[in-house]
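Report on the following structure.
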Protein chains: 4
Amino acid sequence: MTQHIRIGLFGTGRIGQVHAMSVAAIDDAELAWVCDPFVEGAERTAAEYGGKVSSDPAEVFASGEVDAVIVAAPTATHVDLIDAAIDAGVPVLCEKPIDLDLDRVDRLRAKAAAATIPIVLGFNRRFDRHFTELQRRVESGEIGTLEQILITSRDPGEPPAAYLASSGGIFRDMTIHDLDMARFFVPDIVEVTARGANTFSATARELGDFDSAVVTLRGANDELIAITNSRHASYGYDQRFEVFGSEGLLQVGNQTDTLVRRWSGDAVESLEPYQNFFLQRYAEAYRLEVVEFLKAVRGEPSRSPGFEDGRAALVLADAADRSARTGESVAVDLSR
Amino acid sequence: MTQHIRIGLFGTGRIGQVHAMSVAAIDDAELAWVCDPFVEGAERTAAEYGGKVSSDPAEVFASGEVDAVIVAAPTATHVDLIDAAIDAGVPVLCEKPIDLDLDRVDRLRAKAAAATIPIVLGFNRRFDRHFTELQRRVESGEIGTLEQILITSRDPGEPPAAYLASSGGIFRDMTIHDLDMARFFVPDIVEVTARGANTFSATARELGDFDSAVVTLRGANDELIAITNSRHASYGYDQRFEVFGSEGLLQVGNQTDTLVRRWSGDAVESLEPYQNFFLQRYAEAYRLEVVEFLKAVRGEPSRSPGFEDGRAALVLADAADRSARTGESVAVDLSR
Amino acid sequence: MTQHIRIGLFGTGRIGQVHAMSVAAIDDAELAWVCDPFVEGAERTAAEYGGKVSSDPAEVFASGEVDAVIVAAPTATHVDLIDAAIDAGVPVLCEKPIDLDLDRVDRLRAKAAAATIPIVLGFNRRFDRHFTELQRRVESGEIGTLEQILITSRDPGEPPAAYLASSGGIFRDMTIHDLDMARFFVPDIVEVTARGANTFSATARELGDFDSAVVTLRGANDELIAITNSRHASYGYDQRFEVFGSEGLLQVGNQTDTLVRRWSGDAVESLEPYQNFFLQRYAEAYRLEVVEFLKAVRGEPSRSPGFEDGRAALVLADAADRSARTGESVAVDLSR
Amino acid sequence: MTQHIRIGLFGTGRIGQVHAMSVAAIDDAELAWVCDPFVEGAERTAAEYGGKVSSDPAEVFASGEVDAVIVAAPTATHVDLIDAAIDAGVPVLCEKPIDLDLDRVDRLRAKAAAATIPIVLGFNRRFDRHFTELQRRVESGEIGTLEQILITSRDPGEPPAAYLASSGGIFRDMTIHDLDMARFFVPDIVEVTARGANTFSATARELGDFDSAVVTLRGANDELIAITNSRHASYGYDQRFEVFGSEGLLQVGNQTDTLVRRWSGDAVESLEPYQNFFLQRYAEAYRLEVVEFLKAVRGEPSRSPGFEDGRAALVLADAADRSARTGESVAVDLSR
């Protein structure tokens with residue numbers, strides 16, 4: 001019989017809600033504790049999806065009533081919560097990034113490596129049905145040797161200034177997803193080259209941040225990966241992925257809510273603009289992310305990325321930031 | 001608070017399973033009774049999705065433990081089960097068709113019209129997200145006056161000979177879905193013209209049935225609707241819908257499992273073949289069909305088609321069959 | 001060395017101009033005579049593309065200075081001009097239709113059959129690159145046995161009332177192209193079923209004509225062919241062709257002037273409306289039509305359709321008209 | 001009346017043939033001299049398209065019988081032939097690149113700037129109908145402020161080793177087209193960053209060249225342009241262009257010979273592989289390139305790129321090469 005898993009959830013913001021809903025929808029799992037210093041948020045979430053309420057993580061771990069925890073609290077708390085989970089011997093799914101400061105991540109690194117519990121990072125896109133199938137087909141050799149990847153990733157609109165200010169910059173906040181996706185196909189990245197630009201956002205400019213970026217990665221087998229980012233896109237959330245190999249090309253385009261195409265006097269064969277944001281576009285992926293985490297918790301084979309994947313994405317984001325600021329390519333060694 | 005609804009399910013074949021799963025997944029509804037003369041089937045379904053088991057519909061109705069029933073039993077039982085549901089005052093969702101014999105349907109017609117309970121027909125495609133959106137947009141006037149509809153509907157492969165023999169023929173078994181979909185956009189059909197052909201199936205030919213058909217409907221406002229059917233399609237389940245109006249055209253194409261497109265030395269921009277059959281293609285629609293039925297049961301506004309819609313589809317299928325055999329257009333009056 | 005061919009052109013309207021331009025652009029051919037009762041038109045054409053001018057066809061034939069003639073004069077003159085060309089022993093390319101009256105066509109039929117000169121009909125679509133390739137691939141067996149054809153053919157806008165009044169009706173004027181294209185793939189049509197409708201045009205209604213039509217043809221091997229026509233389309237000239245076989249499906253969609261696709265806040269992946277009319281869409285086909293005719297003139301193998309093809313299209317159009325008016329399928333025997 | 005232009009052609013290789021054919025097809029222009037040290041090539045070309053034959057450029061210029069010259073000879077001769085054309089006062093269309101050595105180009109620069117004759121560079125893609133329309137629409141402001149460009153350019157197969165050895169490397173030989181196209185949209189490029197890779201070609205590796213590259217350009221208004229190149233593509237010649245602006249996105253995809261799409265049991269919606277090489281894909285563009293040059297010769301407004309455009313492309317290619325080898329972004333000032 002399948003083990004019933006009691007989940008402790010830290011953080012009840014946007015992503016916390018998504019995870020609470022996922023847990024509630026899964027048989028053999030339940031929301032046991034909901035924890036947020038903003039207690040009202042925790043109470044509201046618990047009222048809808050179940051669980052006891054706390055404002056203190058220590059209380060949750062001490063309760064002995066959680067078999068696994070999900071960390072959807074602010075980034076600054078991630079390292080401490082993973083650390084506490086290791087101490088408590090409780091498997092943890094933590095939202096990306098582990099931290100914005102690589103030093104803080106590295107201080108936890110050895111302990112994480114030695115931990116016997118699953119430490120899973122919330123790179124949701126790895127669970128998207130389309131990208132998963134793309135990866136499976138590339139892996140199967142369908143297009144021969146992987147030579148190039150093109151990732152286009154544009155957000156529908158710029159986040160609020162307050163968010164931007166604490167985001168760590170476009171590379172650590174936005175590109176980091178694409179960096180992880182690049183590693184989903186080419187795990188061993190050895191070089192990062194990046195250019196950032198300021199095209200429309202006064203806020204980004206004032207913060208010393210970019211609103212537009214192109215990042216070129218090199219894999220250990222001389223694969224080249226070009227990532228294009230923008231903080232806005234008038235036509236909706238733009239998430240495209242293209243893998244070019246010696247024997248062919250595979251592409252994942254954007255998803256629309258429906259298959260309805262329109263012909264009019266102005267334009268033909270048109271679709272409605274794309275799903276507007278990541279919670280829609282990756283709704284199923286968020287659910288599968290939790291499903292795969294629960295497999296890891298049960299000791300079953302799981303596709304979940306781990307601590308080292310979370311660290312690698314941050315190493316690459318840091319390198320991109322440095323390259324964008326110095327105009328020099330940055331060599332990286334993810335194994336060190 | 002939402003009323004909790006206890007469901008009685010008749011029939012535990014392919015569609016019965018689908019409905020059992022849908023009911024099990026809905027909050028505030030449960031499978032209370034599962035009924036099938038093939039008791040083992042009922043037992044297996046009940047074991048998985050809950051409910052008491054019976055081989056006798058009368059026992060189910062007499063139990064007083066069902067607030068609504070779903071009829072997924074063989075076509076020949078539909079009329080009697082709807083009749084029994086009316087007598088028991090229990091709302092009923094019945095799979096299409098009501099019967100293959102219009103006379104039997106008509107004998108129940110007045111009683112059904114007088115019934116105070118919801119009698120809902122299982123035309124699942126009306127609940128498909130893409131077609132629903134298409135209909136909403138046509139209704140909204142986006143393409144002006146509706147003038148023409150093109151429906152292409154091809155099954156991936158011919159059903160077994162035994163199924164074909166009792167299917168009532170291509171028009172009553174296969175085209176009937178398209179006839180109902182035509183009425184989803186143009187309820188008042190006044191004329192049916194049909195041609196059938198034998199292109200590949202020795203079985204269909206021996207049965208005096210067709211494996212290929214083109215049906216032309218005329219609406220009350222001189223809309224022309226062309227339906228093309230085939231009992232096979234080498235490339236998967238082909239379900240396309242196109243509505244042409246004075247101001248534009250809207251189209252729903254086929255759905256694929258993933259967005260992955262392929263470029264190779266043989267072919268470019270290709271997708272994997274379509275989802276192979278109706279249970280996949282219309283999985284979500286089957287679920288929504290039950291959801292809408294439950295709304296009707298609760299007395300809430302519901303988009304569910306009713307007894308008259310089920311009868312109309314059969315009238316049109318009969319007319320298509322007659323037209324195909326006589327070479328003459330057949331006038332119909334669905335209101336009579 | 002290639003024979004130099006002197007062309008006599010009858011008619012200097014829209015199509016006459018197109019042919020004059022084609023002849024002028026071909027090496028080893030020249031416009032020798034331009035003939036139109038409206039002499040100014042002939043003079044203007046001759047000034048631009050060369051040739052002597054006449055208002056009298058007899059003068060052209062008597063000159064002994066034409067090796068071939070192209071008939072782009074009004075339909076009512078076609079039979080007489082073909083007749084005269086036969087008498088003069090001069091190969092003729094005649095625009096469709098041969099005549100609107102089948103009796104007149106049939107009175108010339110035996111003589112045409114006995115003629116030793118090429119008599120070629122101007123069904124330009126047979127020379128369209130896309131349809132030619134489609135036909136070649138179907139012929140090669142790529143999709144197995146041909147079972148169904150879907151033709152969608154919608155004009156961008158209704159012609160002037162005066163044109164409509166003398167057009168012979170939608171089937172003889174517009175559908176006739178699609179009927180010939182059906183025969184390009186399935187030469188032996190045995191049955192015609194048609195429905196016409198009045199959706200928007202008061203003019204068509206007053207003339208007893210239709211502005212919308214669906215025609216179903218049956219081939220000798222039980223192929224079903226569905227043609228959908230409308231006299232208007234808000235999004236441009238709509239010319240689609242789909243051939244369904246036991247092993248696959250081939251489709252030709254619409255052509256746009258450029259490959260530019262647009263993504264905006266209103267619509268994504270959209271193209272500009274289609275090329276607006278047949279002179280644009282079939283510009284290359286008109287040129288190739290003349291090229292193939294010249295091959296026939298030189299006695300080389302030619303893909304040009306002949307007198308019997310022109311007659312067959314009219315027989316089918318007549319049958320469609322009759323079927324649309326009687327509601328009965330009409331059997332045809334094109335070989336008789 | 002339009003001036004009749006006598007053309008002198010230098011070089012009768014692949015591109016020379018294309019230009020000879022273009023000239024022959026244009027009214028009011030003729031091939032007057034054909035010059036190639038390989039006299040047989042010149043004779044063959046002259047036999048087909050007209051003109052006197054010479055193996056010595058000086059003879060052509062001295063003849064006084066050319067109103068303009070087209071240089072399609074090997075790259076090493078370009079500078080001298082342009083120089084000679086200036087001295088002779090004869091307008092010149094020269095194939096790209098001007099030279100592989102920027103110093104040689106710069107030694108001619110002042111003289112070229114002072115020349116009163118048109119000096120036109122053969123960047124054929126600027127005349128491609130699709131890219132021209134794309135540029136017009138971007139220019140018109142349809143997508144607001146231009147922020148990003150993505151160019152994907154992959155050749156169907158690697159050129160012979162001998163060609164590679166004298167090509168100047170991937171950036172000067174292949175990317176140079178994309179660099180010019182970038183400047184077609186963003187003339188003022190200020191920074192070049194490039195990464196090259198060796199994925200499949202032993203020849204390229206031995207030559208110290210790359211077979212795969214990603215180049216990032218920055219425009220004066222902080223536009224970012226990402227170019228992806230590969231020396232091979234199993235699915236044909238891949239030429240895509242995407243312009244992203246504040247108000248939308250415009251894209252030009254690949255062109256296929258026909259509109260035929262295929263549905264089979266293996267793949268659906270597939271097209272035949274793309275046109276296999278630049279002579280097919282850009283056939284019309286090569287013709288228009290000559291047409292525009294002739295406009296310039298006649299003193300009419302012309303869209304032809306000039307000497308400075310040819311130099312700019314080389315400056316950018318040099319910078320890309322340097323960046324790829326040093327790992328550093330290279331600032332450029334095209335105005336200096």
Side-chain angles (χ1 to χ4, degrees), chain A residues 21 24-27 48-50 125 127-144 148 150 238-272 274-275 281-282 284-285, chain B residues 21 24-27 48-49 125 127-144 147-148 150 238-272 274-275 281-282 284-285:
Chain A
M21 192 167 56
I26 292 171
D27 292 342
E48 189 159 1
Y49 301 107
R125 292 186 201 173
F127 302 102
D128 177 70
R129 184 157 47 105
H130 312 290
F131 296 140
T132 303
E133 174 70 1
L134 181 67
Q135 199 270 350
R136 189 193 64 71
R137 289 173 65 173
V138 170
E139 193 83 1
S140 78
E142 182 175 327
I143 57 168
Q148 298 181 333
L150 268 70
D238 193 355
Q239 295 281 291
R240 285 175 285 157
F241 209 101
E242 170 175 330
V243 187
F244 172 76
S246 56
E247 308 298 332
L249 172 73
L250 293 174
Q251 215 182 56
V252 168
N254 283 299
Q255 183 166 304
T256 50
D257 280 329
T258 76
L259 295 166
V260 182
R261 278 199 186 268
R262 180 171 189 239
W263 278 247
S264 76
D266 297 321
V268 298
E269 305 183 15
S270 72
L271 289 159
E272 295 288 286
Y274 301 128
Q275 294 177 324
R281 172 64 184 84
Y282 294 117
E284 186 192 28
Chain B
M21 192 168 54
I26 293 170
D27 293 342
E48 188 158 1
Y49 302 107
R125 293 185 199 174
F127 301 102
D128 176 71
R129 183 157 48 106
H130 314 289
F131 296 141
T132 303
E133 176 69 2
L134 181 67
Q135 199 268 351
R136 190 193 64 71
R137 288 172 65 173
V138 171
E139 193 83 0
S140 78
E142 183 176 326
I143 57 167
E147 295 180 1
Q148 300 182 333
L150 267 71
D238 193 356
Q239 297 279 294
R240 285 174 285 156
F241 210 102
E242 170 175 330
V243 187
F244 172 76
S246 56
E247 308 299 330
L249 171 73
L250 293 174
Q251 216 181 55
V252 168
N254 283 299
Q255 183 165 303
T256 49
D257 279 330
T258 75
L259 294 167
V260 183
R261 279 197 185 267
R262 179 172 190 239
W263 278 248
S264 77
D266 297 322
V268 298
E269 304 182 17
S270 71
L271 289 159
E272 295 288 283
Y274 301 128
Q275 293 178 324
R281 172 64 184 84
Y282 294 118
E284 187 192 27

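Here is the naming used below: chain letters follow the sequence lines, and residue numbers restart at 1 for every chain. Values below: all heavy atoms of this structure, side chains included; hydrogens, waters and symmetry mates excluded.
- The shortest heavy-atom contact between V252(B) and F131(B) is CG1-CE2, 3.6 Å.
- Looking at E139(B) and R136(B), no side-chain N of the basic residue comes within less than 4.0 Å of a carboxylate O on the acidic one, giving no salt bridge.
- Contact check on D257(A) versus R129(B) returns no salt bridge, with no Lys/Arg side-chain nitrogen under 4.0 Å from an Asp/Glu carboxylate oxygen.
- Listed options Q255(B), R137(B), E133(B) were ranked by heavy-atom pairs under 4.5 angstrom with chain A; first place goes to R137(B).
- The candidate with the highest count of non-hydrogen atom pairs below 4.5 Å against chain B, out of S264(A), S270(A), G253(A), A25(A), is G253(A).
- Note on L134(B), T258(B), V268(B): by heavy-atom pairs under 4.5 Å with chain A, the leading option is T258(B).
- Scanning all heavy atoms of the two residues, the minimum distance from V138(A) to I143(A) falls at CG2-CD1, 4.1 Å.
- Residue contact with chain B, scored on non-hydrogen atoms closer than 4.5 Å, involves the backbone of N254(A) exclusively.
- Pairing each heavy atom of M21(B) with each of Y49(B), the nearest pair is CA-CE2, 3.6 Å.
- If you measure heavy-atom distances from E242(A) to chain B, you find no contacts under 4.5 Å at all.
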